[in-house]
There are 2 protein chains.
Amino acid sequence: MDRALSIGRLAERSGTNPPTIRYYEQIGLLKRPDRREGGHRTYGQTDLTRLTFIRRCREFGFPIEQVRSLVDLLENEDRSCTDARDLARDNLTLVQAKLEALRALETNLIQMVNDCEAVCVGGPGPNCVILEDLSEPSRSKCQGC
Amino acid sequence: MDRALSIGRLAERSGTNPPTIRYYEQIGLLKRPDRREGGHRTYGQTDLTRLTFIRRCREFGFPIEQVRSLVDLLENEDRSCTDARDLARDNLTLVQAKLEALRALETNLIQMVNDCEAVCVGGPGPNCVILEDLSEPSRSKCQGC
DNA sequence: GCTTGAACCTCAAGTGACTTGAAGTCCTAC
DNA sequence: GTAGGACTTCAAGTCACTTGAGGTTCAAGC
């Protein structure tokens, strides 16, 4: 019903901040909106849809340049959705790599905290097992040696 | 044996880049090293140990300011290791939150890719189920509604 | 119609943790 | 002696915004 949205309302409804919207406009991800007499931006339903799409993409971890491709895909009848699948698949691979690293990190941190509580908690800083652990060179690169 | 390391060798042995080492020096995380006649930096075993510690902390996701605390902890007899445990615990909480978000992301992305392959792959971009999914407002904030 | 204060405007700089580039100097091996 | 690789400093770039300064416009209440 409400067609003309201020930047603040658009921000609210799309889950963004006004400065972020201006930033997206600046980098050409959102097109320049109409202005009121005083210079304030006004937006319509189409802008809300597009911005929501952009935010979703960002939540899904797509970097801005990929979001640009996806927006293009969404608005261009001539492009095949295979591109969208490929982008999603690349993104999935990245997410899975990050997951693996984070899981290893979690295991290590849990171990550190537990060891500290069992062995040295309350003792002098330099003797703490956590600091000892952190002083060892990384084992992540050569598991075998 | 080799006491005097150039910045390049130190970088190699610690798994860092020379500019990163200079950056750590600049922000006061590494102390200013001795110089040769010509101005080149030289490092010893202590520097290698400290830098290795810093890199490990960074690999574990500690932000620079926390690394600063941990270094202080490591070199200060008067501080208790409870502080180290608390920092590790805070970090663990953050890691676990990230893990949860990434797992949800992974599930969503897998779903998208699979759906696309089952339903629309090869079709025109704008009809792709992936783009439809991305156009829906986020459900992550209110699971129930 | 006037006032108040929230929301808006632009432009520039800041964030974190580095990386990259330019332009010049030093060191080592041949 | 010389070639070229490693080093030096300083500044600017990266990503995706966020924050701040300083000024203007809008909507609501009186």
Side-chain angles (χ1 to χ4, degrees), chain A residues 2 4-30 32-43 47 50-71 90-91 94-95 98 101 105, chain B residues 2 4-30 32-43 47 50-71 90-91 94-95 98 101 105:
Chain A
D2 204 357
L5 299 168
S6 67
I7 196 169
R9 290 214 168 276
L10 180 66
E12 250 174 53
R13 301 211 184 162
S14 61
T16 325
N17 299 323
T20 305
I21 296 176
R22 289 186 204 106
Y23 168 73
Y24 286 163
E25 181 186 329
Q26 189 196 320
I27 63 171
L29 202 51
L30 283 176
R32 269 174 291 163
D34 293 340
R35 302 279 186 143
R36 292 211 267 169
E37 293 235 327
H40 288 195
R41 293 164 174 83
T42 57
Y43 299 92
D47 301 301
R50 182 158 179 174
L51 182 54
T52 304
F53 177 77
I54 293 169
R55 286 315 295 174
R56 279 281 283 173
C57 292
R58 295 287 305 123
E59 277 173 26
F60 275 89
F62 291 95
I64 293 280
E65 287 316 305
Q66 284 191 13
V67 177
R68 227 185 269 277
S69 292
L70 288 166
V71 168
D90 290 353
N91 202 242
L94 283 178
V95 165
K98 270 190 211 165
L105 197 53
Chain B
D2 205 356
L5 299 168
S6 69
I7 196 169
R9 291 215 168 275
L10 180 68
E12 249 174 53
R13 302 211 185 162
S14 62
T16 326
N17 298 323
T20 306
I21 296 176
R22 288 187 204 105
Y23 169 72
Y24 286 163
E25 181 186 327
Q26 190 196 319
I27 63 170
L29 202 50
L30 282 176
R32 269 176 290 165
D34 293 341
R35 302 280 186 142
R36 293 211 266 169
E37 292 236 327
H40 288 196
R41 291 165 175 82
T42 57
Y43 298 93
D47 300 301
R50 183 158 178 174
L51 181 54
T52 305
F53 177 76
I54 292 170
R55 286 316 294 173
R56 279 280 283 173
C57 291
R58 295 288 304 123
E59 277 173 26
F60 275 89
F62 291 95
I64 294 280
E65 287 315 306
Q66 284 191 11
V67 177
R68 226 185 271 276
S69 292
L70 287 166
V71 167
D90 289 354
N91 201 242
L94 283 178
V95 165
K98 272 191 208 163
L105 198 51

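Just so it is clear: chains get the letters A, B, ... in the order the sequence lines come, proteins before strands, and each one is counted from 1.
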(message) Measure CD/B/Glu12 against C1'/D/dC7 and give the value in whole Å, please.
(response) 14 Å
(request) Report the residues that fulfil salt bridge (charged side-chain N to carboxylate O under 4.0 Å, His left out) with B/Arg55, sequence neighbours left out, ordered by chain and then residue number. (result) none
(request) State, with a plain yes or no, whether a side-chain heavy atom of B/Leu51 is found less than 4.5 Å away from one of B/Leu10. (result) yes
(message) How many whole angstroms separate atom CD1 of A/Ile54 from atom P of D/dA16?
(response) 13 Å
(request) Could you tell me which residues satisfy side chain to side chain contact (heavy atoms under 4.5 Å, CB included) with B/Arg32, sequence neighbours excluded, listed by chain and number? (result) B/Glu25
(message) Can you list everything that forms a side chain to side chain donor-acceptor pair (under 3.5 Å) with B/Arg58? Sequence neighbours excluded, please.
(response) none
(request) Go through the structure and list residues passing side chain to side chain contact (heavy atoms under 4.5 Å, CB included) with B/Arg68, not counting sequence neighbours. (result) B/Ile27, B/Leu29, B/Ile64, B/Glu65
(request) Please list, chain by chain and in numerical order, all residues satisfying side chain to side chain donor-acceptor pair (under 3.5 Å) with A/Thr16, sequence neighbours excluded. (result) A/Ser14
Could you write out each protein N or O paired with an N or O of nucleotides 10-15 of chain D at a distance under 3.5 Å?
none

(request) Under the side chain to side chain contact (heavy atoms under 4.5 Å, CB included) rule, collect the residues that match up with B/Ser6, sequence neighbours excluded. (result) B/Arg9
(message) Checking B/Tyr23 now: which residues fulfil side chain to side chain donor-acceptor pair (under 3.5 Å) with it, not counting sequence neighbours?
(response) none
(request) Look at all strands and tell whether B/Arg68 reaches a base, only sugar-phosphate, or nothing, counting heavy atoms closer than 4.0 Å. (result) nothing
(message) Any base atoms under 4.0 Å from A/Arg22, or only sugar-phosphate, or nothing? Heavy atoms, all strands.
(response) base
Show the distances under 3.5 angstrom between N or O atoms of the protein and N or O atoms of nucleotides 23-27 of chain D.
{"unit_1": "D/dC26", "atom_1": "OP1", "unit_2": "A/Gly38", "atom_2": "N", "d": "3.1"}
{"unit_1": "D/dA27", "atom_1": "OP1", "unit_2": "A/Arg36", "atom_2": "NH1", "d": "3.3"}

(message) To check you understand the geometry: which heavy-atom pair defines the closest contact between A/Ile21 and A/Ile7, and what is its length?
(response) CD1-O, 3.8 Å
(request) Check every nucleotide of DNA chain C for an atom under 4.0 Å from a heavy-atom of chain A, then give the first and the last such nucleotide from 5' to 3'. (result) C/dC8 to C/dT10
(message) Please enumerate all residues that pass side chain to side chain contact (heavy atoms under 4.5 Å, CB included) together with A/Asn17, with sequence neighbours excluded.
(response) A/Pro19, A/Thr20
(message) Using a heavy-atom cut-off of 4.0 Å across all strands, would you classify A/Ile7 as base, sugar-phosphate, or nothing?
(response) sugar-phosphate
